[in-house]
Amino acid sequence: MSIKINKLEIENVKRVKAVKLEPSASGLTIIGGKNNQGKTSVLDAIAWTLGGNNFRPSKATREGSVIPPCLSITMSNGLLVERKGKNADLKITDPSGQKAGQQLLDSFVEKLALDLPRFMRANDAEKANTLLNIIGVGEKLHALEQQEKELYNERLAIGRIADQKKKFADEQKYFPDAPKELVSPSELIRQQQEILARNGENQRKRDRLNEITHEKHRISDEIQRLEAQLADLKEKVEERKTAYELVAADEESARKTVSELVDESTEKLEKNLAEVEEINRKVRANLDKDKAEDDAREYASQYSAMTVKIEEVRKEKAALLSQADLPLPELRVEDGKLLYKGQQWDNMSGSDQLKVATAIVRKLNPQCGFVLIDKLEQMDLETLKEFGVWLEQEGLQVIATRVSTGEECSIIISNGYGGMNTPSPSKTWKKGEF
Ligand SMILES: Nc1ncnc2c1ncn2[C@@H]1O[C@H](COP(=O)(O)OP(=O)(O)OP(=O)(O)O)[C@@H](O)[C@H]1O
Ligand SMILES: [Mg+2]
């Protein structure tokens, strides 16, 4: 059960002379009045009483008062919180009569409930963080956001490389007529060597023919020389004739062989060899381009994979937030910013800002059942009514000020005085003053 303010009595604080108020347990209690009458001073006094000396106004004692401030607040849990005397010392009395200090108040009084403007002044990220911490997803969401950021940066880097690789691949020359693999010149060289070997053999045979021819001439010469000595050398002549015939036969066979010889040309091979280098240059270029395209494809696929991962993290984030128990139905957190009815803080109407701030602050410490709101005149009567209905549904007590003397006000402050009931004689509050 959250703790509320049942009753308050304030004297001689800032502009307040004497104010007594019993706010509604839930919904709006509006402190009305014209400007400069002490409305905000009442809220300042409540904040000081419950929030401790950090909330003490710089000029707490009302000017012209010889009596020090006197503050008294009765809480719904029965605690009586008082500040009295020269030093406005804190005195807390619990129903059983035991005394307690500021620490006890701090356990159920939410500081931002006493100082809503502090929440409203916070930047977008601080507001969103407050809400995320309340709904208990702050740390997890922060981790997911961190993860998303890292993935995003990683993908950005990969995307840049992918673009460069693609550009590089596109710039590479391509030769569609070149073979897929590098051509080896060794087979051509081997063929060339074989032909050269065969041609060498032919040459050897031609040399042999020359030798034989030469031999024939030498023998013929010898016959002529020997014929002169035919008589005595007849036997030799016969011998040489036989030899001559043999050689002539050899010659005939060799001549026949030689006449059938055809030399093969190596011209084509030489041309092919010259072409190999050019072909291989193209093949290498094509292989380089293929490699560059593979690289580009690889990076493009990595980029797509990163996109999938980022989408997953984003979905996880959205799921985390959609499951969270948010203080207002149309309140969301997106990209580290609060959104209410789809609008960021600086684009919300003043009344929506107040509603959002109240709803969030209310959740900060569920034990704290009240929120103080200054300057509620930015809400028109209809919005004010809706706000009041919502507060009642939430079981939240709001004590607010408004420059108005209309019927919506629970109490009108005038010249520092206000109170629903006739003040007790001990108060300095003067009857009929407002
Ligand atoms: N200690 C003090 N003693 C007397 N007057 C003070 C003291 N502190 C502030 N004031 C005066 O109180 C006035 C403001 O009071 P307060 O802010 O409570 O009025 P308000 O009703 O909220 O006015 P508004 O409608 O303009 O917000 C100022 O004129 C200020 O100078
Ligand atoms: Mg004011």
Side-chain angles (χ1 to χ4, degrees), residues 5 7-23 28-73 82-90 111-121 350-351 353-355 357-358 361 370-381 383-384 387-388 397-420 423 427-430 432-434:
I5 295 172
K7 197 168 123 191
L8 60 97
E9 289 178 40
I10 302 160
E11 287 174 23
N12 296 320
V13 179
K14 292 187 75 177
R15 177 77 170 94
V16 172
K17 288 173 180 160
V19 169
K20 188 173 171 184
L21 177 63
E22 284 182 28
L28 261 176
T29 295
I30 297 179
I31 300 170
K34 294 182 174 169
N35 286 130
N36 226 15
Q37 300 303 306
K39 304 181 294 297
T40 304
S41 297
V42 174
L43 299 190
D44 292 346
I46 298 173
W48 178 27
T49 314
L50 300 178
N53 277 329
N54 284 345
F55 285 84
R56 184 193 176 103
S58 58
K59 221 161 81 182
T61 309
R62 183 176 64 81
E63 256 170 45
S65 168
V66 285
I67 306 163
C70 178
L71 306 125
S72 158
I73 297 182
E82 293 172 298
R83 282 188 185 274
K84 282 182 184 163
K86 204 157 58 90
N87 299 322
D89 291 329
L90 177 69
K111 292 278 170 13
L112 285 176
L114 302 176
D115 186 8
L116 203 61
R118 207 178 102 204
F119 175 82
M120 302 187 59
R121 279 194 308 269
S351 63
Q353 286 179 341
L354 277 177
K355 192 170 171 183
T358 308
V361 166
F370 61 90
V371 175
L372 308 182
I373 305 180
D374 199 19
K375 299 179 192 155
L376 212 54
E377 51 271 11
Q378 52 189 311
M379 285 191 188
D380 61 27
L381 286 177
T383 311
L384 205 61
F387 188 48
Q397 178 187 58
V398 161
I399 302 174
T401 72
R402 179 174 168 90
V403 180
S404 166
T405 51
E407 283 187 359
E408 76 279 17
C409 304
S410 316
I411 176 180
I412 306 290
I413 307 280
S414 176
N415 191 24
Y417 288 105
M420 290 190 296
K427 304 281 181 279
T428 52
W429 185 81
K430 289 180 201 142
E433 188 109 4
F434 68 93

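Quick caveat, the model's predicted, so the values are computed rather than measured. Both ligands and their constituent atoms are indexed starting at 1 by order of listing.
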Ligand-residue contact atoms, ligand 1 with [X], heavy atoms, under 4.0 Å:
X      : result
Val403 : 25 (O)
Ser41  : 15 (O), 16 (P), 18 (O)
Gln37  : 19 (O), 20 (P), 21 (O)
Glu63  : 1 (N), 2 (C), 3 (N), 4 (C)
Arg62  : 1 (N), 3 (N)
Lys59  : 1 (N)

| said: Does any N or O of ligand 1 fall below 3.5 Å from an N or O anywhere on Arg15, backbone included? | reply: no

Identity and distance of the protein heavy atom lying nearest [atom]:
atom                    : result
atom 26 (O) of ligand 1 : Asn35 ND2, 3.2 Å
atom 29 (O) of ligand 1 : Asn36 OD1, 2.8 Å
atom 9 (C) of ligand 1  : Lys14 CE, 4.0 Å
atom 19 (O) of ligand 1 : Gly38 N, 3.3 Å
atom 21 (O) of ligand 1 : Lys39 NZ, 2.7 Å
atom 17 (O) of ligand 1 : Thr40 CB, 3.6 Å

| Under 2.8 Å: N/O/S of Thr40 next to the Mg ion (ligand 2) | yes

Would you find a donor on one side and an acceptor on the other, under 3.5 Å apart, between the side chain of [X] and the backbone of [Y]?
X      : Y      : result
Ser410 : Thr29  : no
Arg15  : Gly38  : no
Arg118 : Leu112 : no

| request: Measure from atom 2 (C) of ligand 1 to the protein's non-hydrogen atoms and state whether any distance is below 4.0 Å. | output: yes

Pairwise distance [atom1]([X]) to [atom2]([Y]) - rounded to 0.5 angstrom:
X      : Y      : atom1 : atom2 : answer
Asp115 : Arg121 : CG    : CZ    : 6.0 Å
Leu381 : Ser404 : CG    : OG    : 7.0 Å
Leu21  : Ile5   : CG    : CD1   : 8.5 Å
Ile73  : Glu82  : CD1   : CD    : 10.5 Å
Leu8   : Ile46  : CG    : CD1   : 4.5 Å
Ile411 : Ile30  : CD1   : CD1   : 12.5 Å

| query | Per the side chain to side chain contact (heavy atoms under 4.5 Å, CB included) rule, which among Lys14, Arg56, Lys39 passes with Asp44? | reply | Lys14

| query | Quick one: are Val16 and Tyr417 in side-chain contact, heavy atoms under 4.5 Å? | reply | no

| For ligand 1, is any non-hydrogen atom under 4.0 Å from Asp44's backbone (N, CA, C, O), its side chain (CB onward), both, or neither? | neither

| message | So is Gly33 touching ligand 1 or not, going by heavy atoms under 4.0 Å? | response | no

| Can you tell me if Thr401 has a non-hydrogen atom under 4.0 Å from ligand 1? | no

